Amino acid sequence: MTHPLDRAVYNALTTRLSRFTTPDSGPDAVRLDPEVGVFLAAADDSAASREALGVLARRYPGAGLVEREDGPMAGVLPEGVPVAAQVALVQMTATALTPVGPTASLDDVIEVLGEADAPAMLALGTLTRPGPFRSRTRELGPFVGIKRDGELVAMAGRRLRIDGFTELSGVCTHPDHRGMGYAAALSRVVVGEILATGEAAFLHAFADHETTIAFYRGLGFQTRARMTYSSLGEV
């Protein structure tokens, strides 16, 4: 039996995130609302699923698929839709945070971001590109952030949710404010809240970003699998 995180996108979009899928998603394939994100997934490698996958891919261009690199769905892509790029990812999980040494706390400047912060969140996500960030991605949160002089300079939140697991995502810091420990502090807040519910945290990072992977290991994450992100182009 496969692990639920092996098909994190499909399992999330057909359960806890089903309300965010397009109205024409169905049992054979599902597509996240384009205003929320890019994810697309097929139920299996059957002809019906492949056909449904192609329909959704053409109807909502610019989709992305995430599947386990060595899994049976790795090569299941919509026919007739060009693949713009394929990128290797590592999927990491955490069931506990590493202890924090004697450092200055940022708890007093971390705040929950709301509707009024939507434009700033989109701008920061577009600038720093922590992953696909769209106009309504914030609704997958909650997100927390840090502001300086009224400007949002760092944030982190949640994305995919499966029974027993919630994804840390959208971790980013404005280039002018890096090196201050903001990403670590925000990630610890989000992961701590996930773990407090009894779930494990997980995330996806680019496999060739060794510094990023080391950063998350320092928080308590361990690599569990290699994944492939397939970005689809325009038809």
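Quick caveat, the model's predicted, so the values are computed rather than measured. Heavy atoms only: backbone and side chains are in, while hydrogens, waters and symmetry mates are out.
Remark: F165 CZ to Q91 CD distance equals 9.0 Å, nearest 0.5 Å. The CG atom of L32 lies 10.0 Å from the CG atom of L40; values are rounded to the nearest 0.5 Å. Taking CG from L203 and CZ from R158, the interatomic distance works out to 13.5 Å, rounded to the nearest 0.5 Å. Distance check: D44 CG to D28 CG gives 7.0 Å after rounding to the nearest 0.5 Å. The structure places CD1 of I146 at 5.0 Å from CD1 of I110, a figure rounded to the nearest 0.5 Å. The CG atom of L152 lies 10.0 Å from the NE2 atom of H177; values are rounded to the nearest 0.5 Å.
Side-chain contact between L113 and M121 is present, with heavy atoms from C-beta onward closer than 4.5 Å. When side chains are defined from C-beta on, L65 counts as touching L53, because their heavy atoms get closer than 4.5 Å. Side-chain contact between P175 and T128: present, with at least one pair of heavy atoms (C-beta onward) separated by less than 4.5 Å. Inter-residue side-chain proximity for R16 and T166 is flagged as met; some heavy-atom pair is nearer than 4.5 Å. Using a 4.5 Å heavy-atom threshold, the side chains of L106 and Y182 count as touching. T211 places none of its side-chain heavy atoms less than 4.5 Å from the side chain of H209. No side-chain heavy atom of S187 sits less than 4.5 Å from a side-chain heavy atom of L97.
What you find for A205 and I213 is that their closest heavy atoms are CB-CG1, 4.4 Å. Among all heavy-atom pairs drawn from A94 and L195, the shortest one is O-CD2, 3.6 Å. Minimum interatomic distance between L168 and A156 (heavy atoms only, all atoms of both residues): CD1-CB, 4.4 Å. Of all non-hydrogen atoms in R159 and P132, the two that sit nearest each other are NH1-CD, 4.1 Å. Minimum interatomic distance between P61 and E234 (heavy atoms only, all atoms of both residues): CB-OE1, 3.3 Å. The shortest non-hydrogen separation linking P4 to I162 is O-CD1, 3.8 Å.
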Exercise answer: donor-acceptor pairs, residues 226-233 side-chain atoms, under 3.5 Å, sequence neighbours excluded:
from	atom 1	to	atom 2	distance (Å)
R226	NE	E69	OE1	3.3
R226	NE	E69	OE2	3.4
S230	OG	Q86	NE2	2.8

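By the criterion of side-chain heavy atoms lying less than 4.5 angstrom apart, applied directly or through intervening Ile, Leu, Val, Met, Phe, Trp or Tyr residues, L89 is not grouped with V171; the two fall into different hydrophobic clusters. By the rule that hydrophobic residues join a cluster once side-chain heavy atoms approach within less than 4.5 Å of another member, L122 and F20 end up as members of separate clusters. Side-chain heavy atoms closer than 4.5 Å link hydrophobic residues (I, L, V, M, F, W, Y) into clusters, and following such links, possibly through other members, connects I194 to M92. A single hydrophobic cluster is seen to contain both L17 and Y10, as judged by linkage of ILVMFWY side chains at heavy-atom distances under 4.5 Å, directly or through other members. Hydrophobic clustering, with ILVMFWY side chains joined whenever heavy atoms are under 4.5 angstrom apart, groups V144 together with V109.
Ion pair E167/R161 not flagged as a salt bridge, since none of the NZ, NE, NH1 or NH2 atoms sits closer than 4.0 Å to an Asp/Glu carboxylate oxygen. Residues K147 and D117 are paired through a salt bridge, judged by an N-O separation under 4.0 Å between the basic side chain and the carboxylate. Look at R224 and D6 and you find a salt bridge, because one of the NZ, NE, NH1 or NH2 atoms lies within 4.0 Å of a carboxylate O, short of that distance.
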Evaluate the side chain to side chain contact (heavy atoms under 4.5 Å, CB included) criterion for residues V66 and H204: first the C-alpha distance (whole Å), next the side-chain angles of each, then the deciding distance (0.1 Å), finally the verdict. CA-CA 10 Å; V66 177; H204 293 97; 4.2 Å; yes
What's the verdict on side chain to side chain contact (heavy atoms under 4.5 Å, CB included) for L160 and V9, showing C-alpha distance, side-chain angles and the deciding distance? CA-CA 7 Å; L160 299 178; V9 170; 4.0 Å; yes
Applying side chain to side chain contact (heavy atoms under 4.5 Å, CB included), run through V83 and L77 and close with a yes or a no. CA-CA 8 Å; V83 177; L77 297 168; 3.8 Å; yes
Side chain to side chain contact (heavy atoms under 4.5 Å, CB included) for T223 and R217? Distances and angles first, verdict last. CA-CA 8 Å; T223 300; R217 282 190 180 134; 3.7 Å; yes
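Side-chain atoms of R134 never come within 3.5 Å of backbone atoms of G37 as a donor-acceptor pair (strictly under, hydrogens ignored). A donor-acceptor pair under 3.5 Å is absent between the side-chain atoms of T173 and the main chain of R178, judged by distance alone. Here the side chain of R68 pairs no donor or acceptor atom with the backbone of L5 at under 3.5 angstrom. A donor-acceptor pair under 3.5 Å links the side-chain atoms of T137 to the main chain of V36, judged by distance alone. A donor-acceptor pair is defined here as one N or O able to donate and one able to accept, closer than 3.5 Å; no such pair exists between the side chain of T93 and the backbone of F202. Between the side chain of R138 and the main chain of G114, no donor-acceptor pair closer than 3.5 Å is present.
The 12-atom threshold is exceeded at CD of E151, counting heavy atoms of other residues, nucleotides or ligands nearer than 6.0 Å. The local environment of CG in D108 is crowded, with over 12 non-hydrogen atoms from other residues, nucleotides or ligands closer than 6.0 Å.
Within the structure, ring-ring contact (aromatic ring centres under 6.0 Å, His included) contacts touching residues 21-64 (residues at least two apart or in different chains) do not occur. For residues 112-154, every residue pair satisfying the ring-ring contact (aromatic ring centres under 6.0 Å, His included) rule, not counting sequence neighbours, is listed here: F133-F143.
Side-chain contact of S18 with T21: a donor-acceptor pair under 3.5 Å is absent, judged by distance alone.
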